[in-house]
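The structure presented is a predicted model; accordingly, all values stated were derived computationally and were not measured.
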Amino acid sequence: MADHVDLVLDQWRAQRPDLDVSPMAVIGRLSRLARLVDGRLQTTFAAHGLDRASFDVLATLRRSPPPHRLTPTELMRASMVTSGAVTQRLDRLEARGLVTREPSRADGRGVVVGLTPDGLRLVEQTLPDHLATERRVLDALSAREREELAATLRKLLEALGDLRP
């Protein structure tokens, strides 16, 4: 059985036999997988009135210890996006009544972001469906293959500098 990447590799081998195109076998498949998986996840999030970015903020707050509050800087680090992107996400979520921004008790100049009861309910409802979608995406792999793939991807991420904060 062959996939689209095999076609691309065959074409490059025919046109440029002098080049080793084997890296495309991995990178091309990672890129295609990212798009396909993202589409499936977006469908799940949309069923709950969310997008990936909004779910990311809500989930980041939810997985933090109670009372599920973080500073915008902590959210930025946890989601690895720019401060401007975090601000846009927070503006949208606050307008929907899913998060609050309050002055920090520790530092009156700072802000703390927290889940509202509606935000907590929404992330709690969405998370099981999100995990079910991820399971369906990985159904073609055995448990051992999933563990091996996760370990291999971690190794590559670490080599590229994506280390635990």
Side-chain angles (χ1 to χ4, degrees), residues 1-65 68 70-93 96 98-99 113 115 119 122-165:
M1 186 180 290
D3 65 5
H4 180 79
V5 175
D6 288 322
L7 172 66
V8 171
L9 293 171
D10 289 345
Q11 291 170 332
W12 277 120
R13 286 183 188 118
Q15 297 301 312
R16 291 296 308 265
D18 57 312
L19 295 178
D20 173 16
V21 296
S22 64
M24 287 182 185
V26 174
I27 303 301
R29 286 186 175 100
L30 285 173
S31 295
R32 289 182 67 81
L33 274 170
R35 283 192 303 273
L36 290 168
V37 169
D38 191 54
R40 304 249 169 104
L41 294 177
Q42 289 294 2
T43 298
T44 298
F45 297 141
H48 293 274
L50 294 169
D51 59 19
R52 182 184 199 101
S54 297
F55 178 78
D56 184 40
V57 170
L58 296 175
T60 300
L61 288 167
R62 174 59 182 93
R63 71 177 187 257
S64 69
H68 312 299
L70 296 170
T71 67
T73 300
E74 291 168 330
L75 274 169
M76 182 181 67
R77 288 184 187 135
S79 58
M80 295 180 292
V81 296
T82 65
S83 61
V86 167
T87 299
Q88 285 181 334
R89 292 174 184 184
L90 292 177
D91 288 345
R92 288 193 315 254
L93 291 168
R96 290 183 58 192
L98 301 173
V99 301
V113 179
L115 286 172
L122 184 57
V123 74
E124 290 291 335
Q125 291 169 354
T126 306
L127 184 59
D129 289 345
H130 170 64
L131 292 171
T133 299
E134 288 185 338
R135 278 189 202 90
R136 283 190 302 276
V137 165
L138 297 173
D139 272 348
L141 303 176
S142 69
R144 181 181 175 125
E145 287 170 325
R146 288 191 302 269
E147 289 172 14
E148 290 171 355
L149 180 58
T152 301
L153 293 172
R154 180 187 307 110
K155 181 178 180 178
L156 184 57
L157 286 167
E158 288 171 352
L160 293 172
D162 191 27
L163 304 174
R164 185 179 193 159

### Message
Quick check: do Val99 and Leu58 have side-chain heavy atoms less than 4.5 Å from each other?
### Response
yes
### Message
Looking at every non-hydrogen atom in both residues, tell me the closest pair between Pro72 and Val86 and how far apart they are.
### Response
O-CG1, 4.1 Å
### Query
Out of curiosity, Met76 CE to Glu74 CD, how far, rounded to the nearest 0.5 Å?
10.5 Å
### Task
Would you mind reporting whether Glu134 and Leu41 have side-chain heavy atoms less than 4.5 Å apart?
yes
### Task
Starting from the C-alpha separation in whole Å, work towards a yes-or-no answer on side chain to side chain contact (heavy atoms under 4.5 Å, CB included) for Leu115 and Arg62.
CA-CA 8 Å; Leu115 286 172; Arg62 174 59 182 93; 4.1 Å; yes
### Task
State, yes or no, whether a side-chain contact exists between Arg52 and Asp38 at a heavy-atom distance under 4.5 Å.
yes
### Message
Just so I know, are the side chains of Leu50 and Arg96 near enough to count as touching, which here means a heavy-atom distance under 4.5 Å?
### Response
yes
#### Entry: His68 NE2 to Thr60 OG1 distance, which is reported to the nearest 0.5 Å
12.5 Å
### Query
Do Asp51 and Arg92 come within less than 4.5 Å of each other through their side chains, counting heavy atoms only?
yes
### Minimum side-chain heavy-atom gap Leu75-Leu61 below 4.5 Å
yes
### More than 12 heavy atoms from other groups under 6.0 Å of CZ on Arg29
yes
### Task
Please lay out, stage by stage, how Leu9 and Arg13 fare under the test side chain to side chain contact (heavy atoms under 4.5 Å, CB included).
CA-CA 6 Å; Leu9 293 171; Arg13 286 183 188 118; 3.6 Å; yes
### Query
Parallel, tilted or perpendicular: which describes the rings of Phe55 and His130, with under 30° parallel and over 60° perpendicular?
tilted
### Query
Is any side-chain heavy atom of Asp6 less than 4.5 Å from a side-chain heavy atom of Asp3?
yes
### Query
Got a salt bridge between Arg89 and Asp56, using NZ or NE/NH1/NH2 to carboxylate O under 4.0 Å?
yes
### Heavy-atom side-chain proximity of Thr44 to Arg40 below 4.5 angstrom
no
### Summary
Looking only at heavy atoms, the pair that brings Leu141 and Glu145 closest together is CA-OE1, 3.3 Å
### Task
Show your working on salt bridge (Lys or Arg N to Asp or Glu O under 4.0 Å) between Arg136 and Asp139 and close with a plain yes or no.
CA-CA 5 Å; Arg136 283 190 302 276; Asp139 272 348; over 6 Å; no
### Message
Go through it in stages, so that I can follow the logic: the residues are Leu30 and Leu153, the test is side chain to side chain contact (heavy atoms under 4.5 Å, CB included), and I'd like the CA-CA distance, side-chain angles, deciding distance and then a yes or no.
### Response
CA-CA 10 Å; Leu30 285 173; Leu153 293 172; 4.0 Å; yes
